[in-house]
Amino acid sequence: MSEDTRRQERTPVLQMVVVGAIASALGIAAGLAIEWFPEQASVQAKPIDDLWDLLIWSSVPVFVLVTVIVLFSVWKFHMRPGEENLDGPPIHGNTRLEVIWTAIPAIVLVALCSWAYVVMTDIEEAQANEMRIDVTGQQFAWSYSYPQSGGKPVKSNILYLALGRPVRFNVKALDVLHDFWVPAFRMKIDAVPGISTRYRITPTRLGTYPVVCAELCGLGHSVMRSRVRVVTAEDFDAWIAKEGEAAPAPGSGDEAAAAPEVDGKQLFAEGNGTATSCGACHTLADAGTSSATGPDLGKTLSGKDEDFIRKAIVEPDADVASGFQAGIMPKNYGDTLSPEELDALVTYLGKAAGK
Ligand code: CUA
């Protein structure tokens, strides 16, 4: 083979390497420029995002390189008319090349797994002053329980956390697989029937963030959402003290007299902190809500009596509006609403439907 031929063969390979390098740089820049995640609201978020950036640095060049080689080969080395019967030189493997293309990916993978392991172990470390919260997933709602030393646990359907106070979530499922995920905290874990799973976070930012179910769990999976409110330590302590008292003490007798007047319309639109609001899934003109997950109650409850409405709330699958499917609306409103709240809601719906 003459010097000239060898140089001619080397030129396209060189071009390919240059194009591949430029494309990799562009790919990495694009990968790092994209805002993949919401704001960082936990101690754990930054290390996870750094890990993600490392994955972009290491995986984008591989993807780009393979794509460039394929496209370049199609362009440069495809068969031309008259070459139908030509074939390349016979090859019997290339040991050196095979060792290289096995060793490099193996080293990269072992390095990435080790890094990920170190990061995950580090951010999952138990904290001395951590607070335990029991998280329960069921079709299709999350609920939270705060164990209290020497008292009944405080229950809530909105997750309250204290800024800077480490938390350990013990996660359970009552029916099928769910997955407890707060994107702003970055951590997520499956809720598995029969066992308890866990993760730890420490909130670093005040605010309200979405809680999402990240495991396809049935028809209502997409509406299985809740909220987490990160408040100051003082506000949190005040909240939990208030909730602890709010649970009616046995034998106190006059809870009904002490209970404040319930505003059915407000309850409909905002929920009560334990029960998810009706307005999150239902349209009702009078309450100004417009979600189409469930039926428009202004229509389906129009002209119905209070017994029908009450049953529709506590036994949602007994009579499902046409065009909608059973099993989506949570079945626990009989538990999460107090008798007074249920009465107020039924009265309100009886008046507001059909308006
Ligand atoms: Cu629960 Cu998806």
Side-chain angles (χ1 to χ4, degrees), residues 36-38 41-42 44-45 48 52 120 124 132-147 153-161 167-201 203 208-230 270-283 289-295 312-318 320-321 323-337:
W36 297 96
F37 304 115
S42 76
Q44 286 70 15
I48 298 243
W52 174 262
M120 297 313 286
E124 283 271 43
R132 190 186 112 200
I133 301 177
D134 295 327
V135 177
T136 304
Q138 79 182 105
Q139 291 173 324
F140 294 98
W142 291 109
S143 53
Y144 312 98
S145 174
Y146 301 72
V154 166
K155 295 186 187 261
S156 173
N157 261 31
I158 292 177
L159 179 59
Y160 280 85
L161 298 177
V167 193
R168 189 184 87 211
F169 295 114
N170 281 6
V171 183
K172 285 181 298 182
L174 295 186
D175 37 35
V176 299
L177 281 179
H178 303 276
D179 191 291
F180 179 59
W181 185 29
V182 181
F185 295 159
R186 302 294 189 275
M187 304 289 285
K188 66 198 270 289
I189 198 146
D190 273 8
V192 185
I195 65 167
S196 175
T197 53
R198 60 156 174 78
Y199 68 72
R200 296 183 165 91
I201 60 106
T208 303
Y209 310 98
V211 178
V212 188
C213 177
E215 178 66 54
L216 187 60
C217 55
L219 285 170
H221 161 69
S222 64
V223 298
M224 187 165 166
R225 284 163 170 266
S226 152
R227 275 164 297 158
V228 49
R229 289 214 177 109
V230 179
E270 295 169 15
N272 65 359
T274 306
T276 313
S277 78
C278 317
C281 292
H282 291 283
T283 293
T289 62
S290 57
S291 172
T293 303
I313 298 172
V314 297
E315 278 182 65
D317 290 345
V320 178
F324 292 88
Q325 304 201 41
I328 297 183
M329 180 164 155
K331 294 169 202 56
N332 60 354
Y333 279 105
D335 303 323
T336 54
L337 294 170

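Counting convention: from 1, in listed order, for ligands and their atoms alike. Please read these numbers as outputs of a predicted model, since none were measured by experiment. Values reported hereafter were calculated over all heavy atoms of this structure, with side chains retained and with hydrogens, waters and symmetry mates removed.
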Colleague: Taking just the N, O or S atoms of His221, which one is nearest to atom 2 (Cu) of ligand 1?
Modeller: ND1
Colleague: Hey, is atom 1 (Cu) of ligand 1 within less than 2.8 Å of some N/O/S atom on Cys213?
Modeller: yes
Colleague: Quick check: does Gln139 have an N/O/S atom under 2.8 Å of atom 1 (Cu) of ligand 1?
Modeller: no
Colleague: Taking 2.8 Å as the cut-off, does an N/O/S atom of Cys217 lie below it from atom 2 (Cu) of ligand 1?
Modeller: yes
Colleague: Side chains of Arg229 and Ile158, heavy atoms from C-beta outward: is any pair under 4.5 Å?
Modeller: yes
Colleague: Please determine if atom 2 (Cu) of ligand 1 has an N/O/S atom from Asp179 lying under 2.8 Å away.
Modeller: no
Colleague: Flag yes if more than 12 heavy atoms outside Arg225 fall under 6.0 Å of its CZ atom; otherwise flag no.
Modeller: no
Colleague: So how far is it from Tyr199 OH to Met120 CE, rounded to the nearest 0.5 Å?
Modeller: 11.0 Å
Colleague: Picking from Trp142, Trp181, Tyr146, Phe180, what satisfies ring pair (Phe, Tyr, Trp, His ring centres under 6.0 Å) with Phe169?
Modeller: Phe180
Colleague: State, to the nearest 10 degrees, the angle whose vertex is atom 1 (Cu) of ligand 1 and whose arms point to SD of Met224 and ND1 of His178.
Modeller: 90°
Colleague: Are the side chains of Tyr209 and Leu161 in contact, using a 4.5 Å heavy-atom criterion?
Modeller: no
Colleague: Quick check: of its N, O or S atoms, which one does Glu215 have closest to atom 2 (Cu) of ligand 1?
Modeller: O
Colleague: Is there a side-chain contact between Thr208 and Val228 (heavy atoms, below 4.5 Å)?
Modeller: no
